[in-house]
Chemist: 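To start, I am sharing the structure in question, which I have written as structure tokens.
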Number of protein chains: 2
Amino acid sequence: MYSSRGTTFALAAGTTRTATIPGISAAGADADLRVHTPSADAELLAFGRTVSAPVVPVSPTGCPTPAVVTRAAFEALGGGATGGEIAGVAGDPLRTLVLDCGLARPTAAPTVDLGATPGADVREPVAVPDAGSTVERAREVGRALHGDRLIVGETVPGGTTTAMGVLAALGERPAVSSSFPENPLERKREVVDAGLAASDLAPGGCSGDPLRAIRLLGDPTLAGVTGLVAGALDAGLGVTLAGGTQLATAGLLLRHAGVDDPLALATTSFVADDDSADVVSLAADADLDLTVTDPGFADDHPAMAAYRRGEAKEGVGMGGALALADEADALAAARERLVAVYDRVVGDGSTDDGSASDGEDGRDGQDDGDGAEVEAR
Amino acid sequence: MYSSRGTTFALAAGTTRTATIPGISAAGADADLRVHTPSADAELLAFGRTVSAPVVPVSPTGCPTPAVVTRAAFEALGGGATGGEIAGVAGDPLRTLVLDCGLARPTAAPTVDLGATPGADVREPVAVPDAGSTVERAREVGRALHGDRLIVGETVPGGTTTAMGVLAALGERPAVSSSFPENPLERKREVVDAGLAASDLAPGGCSGDPLRAIRLLGDPTLAGVTGLVAGALDAGLGVTLAGGTQLATAGLLLRHAGVDDPLALATTSFVADDDSADVVSLAADADLDLTVTDPGFADDHPAMAAYRRGEAKEGVGMGGALALADEADALAAARERLVAVYDRVVGDGSTDDGSASDGEDGRDGQDDGDGAEVEAR
């Protein structure tokens with residue numbers, strides 16, 4: 001009668017001024033648009049299209065946001081959608097939950113207000129002034145979750161740089177990935193070194209003090225994720241961190257907090273194949289049970305081709321959503337839905353307006369979308 | 001594969017200074033607590049318990065908020081819950097969506113931010129300064145909804161008084177109900193008359209101009225509901241207004257806006273049996289297809305007994321949730337879950353912490369809750 005089953009798929013969505021540093025983030029076509037990316041990603045997850053956000057996020061070269069892939073995976077899992085909702089794996093409820101970890105622009109998606117403000121530039125002395133309250137509020141929400149499992153991802157432009165900052169502060173290997181095909185590691189290291197200096201911190205200076213690491217060198221999504229996970233563990237849920245090196249960093253933060261529960265990390269083959277990063281070692285360092293899912297993007301469709309070129313790689317819980325699809329033997333269906341979702345949100349939408357699309361395959365309009373036509377709807 | 005089925009159960013949650021007028025609202029134990037009621041109701045709907053709200057809303061005499069009944073109906077329909085989620089009627093996805101129509105206190109529930117501020121006192125010249133933008137933003141969200149059906153309810157203390165104000169402004173019969181067993185109609189009429197005078201308006205002065213009626217005499221949930229419904233109709237969904245005379249008022253607002261789509265109204269037998277109001281005539285005036293559901297509260301359980309005494313009557317979409325339960329032949333199950341939810345949120349929670357309760361009937365602790373022990377959790 002009263003089911004305690006089901007999965008909550010949570011998204012920690014936030015912004016920082018770190019993302020305005022030139023050359024470190026491809027999560028948006030340019031710096032002015034990048035600040036909208038997390039708000040738009042939340043709408044794509046909740047509604048399957050943008051609503052109040054002015055654009056569908058794309059990289060400077062037109063690679064669509066991983067939110068498109070995550071949403072496609074959920075649609076393949078059998079759900080329609082709306083605010084909050086979603087799908088269901090073989091009758092197992094799947095719900096989404098967006099945490100507002102310092103959004104800087106409006107979103108029409110339903111969000112949990114954690115009272116978080118956008119993060120500062122990590123080169124300032126304090127990067128996340130309200131890290132403590134954000135962790136505590138997120139933990140309250142985590143404790144209120146029902147079901148078997150929490151899967152949690154992030155959307156925060158510049159997030160691999162703040163993750164690198166946190167890894168440095170914790171004294172862990174700073175082996176982060178990038179949304180660019182070529183990881184601007186030197187640029188990130190300079191930024192992190194400046195951040196350590198501004199915070200008067202030596203590498204490893206926050207070992208065993210994860211809250212301080214987030215506060216001085218991190219971003220508000222790391223506060224939201226670690227708080228939510230801690231609360232979900234309190235409530236007895238199993239937890240999968242859905243993402244690459246940023247979520248591995250969240251795992252390390254939890255280990256530095258003394259959390260010794262089993263934790264899983266689900267990421268994409270694009271992150272695992274990133275030689276400039278080392279998600280495998282980070283996962284091992286944090287004792288995370290790693291799942292790598294290859295979505296099988298063999299198609300020349302513009303969305304798939306961009307990922308095959310090494311763009312974006314991960315984000316918006318993409319690795320976790322693909323792992324769910326893989327569990328349900330629905331990766332092929334997810335690829336089909338990706339074409340449909342891409343057409344709906346990037347193309348002219350003529351074949352799939354997202355409101356009544358049972359049985360259509362969404363391929364009719366796939367030539368319309370080339371990543372350069374992204375407009376507000 | 002991609003299901004367009006399913007129901008969105010939306011809740012327009014807001015506050016007004018009208019609710020601070022003594023003697024017009026029982027949606028909270030006292031005026032200081034009443035301002036938390038919509039925030040707490042949203043948490044009860046989303047999580048099945050309060051999270052950041054300081055109290056479970058009760059009337060001055062201890063009748064628990066209708067959110068407890070609505071939540072119980074959803075649990076009976078087979079869902080667990082969390083932020084956003086929920087149940088499912090025979091495999092038909094059921095999702096919740098809370099619209100922030102001017103909440104005055106934090107809520108841990110996921111909410112759509114419409115940019116609405118709390119309403120003023122209707123005795124001021126303008127009651128809802130941002131009515132226009134709230135309607136427009138809600139309409140955008142309504143257009144983004146998927147599925148077959150929208151069911152929409154409200155939680156706004158003092159809402160029958162603002163509904164009466166709008167009915168007067170529209171020139172419709174001011175036949176509103178009350179959360180008190182004895183409807184303080186004279187008090188409400190005085191307030192509405194003062195509001196008309198302050199707005200320099202004669203009865204019927206806003207006939208054909210529903211937005212002006214909300215702006216001058218209404219509350220922000222009426223803006224949220226009418227905008228959301230208009231958008232959902234644009235998107236091709238069927239719409240059920242879930243509530244009593246306030247939702248009938250929303251129906252009349254839509255008719256004054258020229259909307260001629262079929263609309264349903266689902267309310268409780270407690271409202272239909274309220275001789276001081278006339279929901280049947282209001283529904284007829286607005287051409288609403290009326291469903292009245294009697295939840296069969298024959299038990300002496302404190303929650304059920306209070307409703308039988310005529311307290312609360314409706315709210316938080318209770319009539320719509322009960323209609324869904326009735327459609328699924330689950331009213332008996334809803335009553336059982338009501339006992340469990342009441343024990344969880346009002347009692348000591350010893351038998352049902354809301355996190356893993358398959359198969360328990362929640363009755364063990366029912367003597368603990370008497371409505372006077374309501375505390376923050």
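Residue numbering restarts at 1 for every chain, and letters A, B, ... go by the order of the sequence lines.
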Chemist: How far does CD of A/E43 sit from CD of B/E140, to the nearest 0.5 angstrom?
Modeler: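 Taking CD in A/E43 and CD in B/E140, the distance rounds to 8.0 Å.
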Chemist: Assess the residue pair A/R49 and B/R143 against the criterion (side chain to side chain contact (heavy atoms under 4.5 Å, CB included)); give the C-alpha distance rounded to whole Å, side-chain angles, the decisive distance to 0.1 Å, and a yes or no.
Modeler: CA-CA 11 Å; A/R49 66 175 176 90; B/R143 285 187 180 128; 4.0 Å; yes
Chemist: Taking distance alone, no hydrogens or angles, what donor-acceptor pairs closer than 3.5 Å link side-chain atoms of residues 111-118 of chain B to residues at least two apart or in another chain?
Modeler:
from, atom 1, to, atom 2, distance (Å)
B/D113, OD1, B/G115, N, 2.8
B/T117, OG1, B/D130, OD2, 2.8

Chemist: Write down the atom of A/V51, the atom of B/V141, and the distance for their closest heavy-atom approach.
Modeler: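 The answer is CG1-N, 4.4 Å.
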Chemist: Could you look at A/A108 and say if it's the side chain, the backbone, both or neither that has a heavy atom under 4.5 Å from chain B?
Modeler: both
